[in-house]
Structure formats: structure tokens, C-alpha cells
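No experiment lies behind these values; they were computed from the predicted model shown.
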Amino acid sequence: MSRIQLALNVDDLDASIAFYSRLFDTEPAKVRPGYANFAVTEPPLKLVLIESPGHGGSLNHLGVEVADTGAVDAAQTRMGGAGLASVDERDTTCCYARQDKFWVEGTPDGERWEVYTVLADAPATAGQTAACCA
């Protein structure tokens, strides 16, 4: 299973949850203070909403969610072979989940891309990395 992740900054989390629930005909998979995510089946999408008043409608970061750490490793190896640099983050807490991931460096317009797998749910952001959902 792979799917694109789109993380958006939103002004009003409750209004955004209501809108995207109707748009994709699905309820959020996870809701925490200032944060929600949707695991949309069709089209395959992980939609993340991050409450950031005054920045609503802007892109927070992009990602590719993959099935397991082996798929993270394979993507990192492939991209490294293609000359793309990355920053490794293993067993890190981000977006209310323990993850193995890496961030791609050197994107042409400064957009933030991550390739990640979720290892377990995390009830809080304790130990969250600085690059996470910033």
C-alpha cells in the first residue's frame, strides 16, 4: 500500500473536518488538538489537517506513505541512486504517530517531501522532531 500524503495548514480545524468529511465521504481516522488526518480510500490519499490560524489554505508538507520500513529503505536507496539527498529519521514521533521516515532535500521550490511508514499510534507529540508538521 502506498498513497500520497497532503498536509494542509487550516485556520479552523472543525470547519475543515466538516468540509473534507463531505468532500471525501469519510470521517477522520485521527483527531487530536490542532490536528486531524483522513485515510481516504478513493482516491488513495492521506489528508492531514494542521490548525495554523492565519496560514489556512497553504501547504504544510507532502509525503508518500508506504507499507513498511523496507519500503522506506527501498525508496531512500532509489532516490539516493538518482542523486537526491535525504535526512533520515527513524523511530521518531510526528503527527501523533511513531514513524520511520526520511525527508528529501533540495526540492526545486522548497517544498517539503517525506517518505514514511507508521510504526504505531502516539497519543501525544512528546519527542516530536522539529521538522515534523512545522
Between the main-chain N or O of Leu13 and the side-chain N or O of Glu51, is there a donor-acceptor pair closer than 3.5 Å?
-> yes
Would you say Asp109's side chain and Glu111's backbone share a donor-acceptor pair under 3.5 angstrom?
-> no
Which atom of Ala122 lies closest to which atom of Arg98, heavy atoms considered | CB-N, 4.2 Å
Main-chain N/O of Val66 paired to Ser2 side chain as donor or acceptor, under 3.5 Å = no
Determine whether the aromatic ring centres of Phe38 and Phe24 lie less than 6.0 Å apart.
-> no
Please check if the side chain of Thr92 supplies one atom and the backbone of Gln99 the other of a donor-acceptor pair under 3.5 Å.
-> no
Which value, rounded to the nearest 0.5 Å, describes the distance between Arg3 atom CZ and Leu47 atom CG?
-> 11.0 Å
Would you call Tyr116 and Lys46 a side-chain contact if the rule is heavy atoms closer than 4.5 Å?
-> yes
Checking Asn60 side chain against Leu8 main chain: does a donor-acceptor pair fall under 3.5 Å?
-> no
In short, Asp11 meets His55 closest at the heavy-atom pair OD1-N, 3.4 Å
Heavy-atom side-chain proximity of Val72 to Lys101 below 4.5 angstrom = no
If you count the non-hydrogen atoms of other residues, nucleotides and ligands that lie under 6.0 Å from CG in Asp25, is the total more than 12?
-> no
With Asp100 as reference, evaluate Asp68, Thr69, Asp88 under the side chain to side chain contact (heavy atoms under 4.5 Å, CB included) test and give the passing residue.
-> Thr69
Given the rule that I, L, V, M, F, W and Y join up when any side-chain heavy atoms are under 4.5 Å apart, are Leu49 and Leu45 in one cluster?
-> yes
Set of residues satisfying salt bridge (charged side-chain N to carboxylate O under 4.0 Å, His left out) with respect to Asp14, sequence neighbours excluded | none
Applying side chain to side chain contact (heavy atoms under 4.5 Å, CB included) between Val48 and each of Val10, Asn9, Asn37, report the one that passes.
-> Asn37
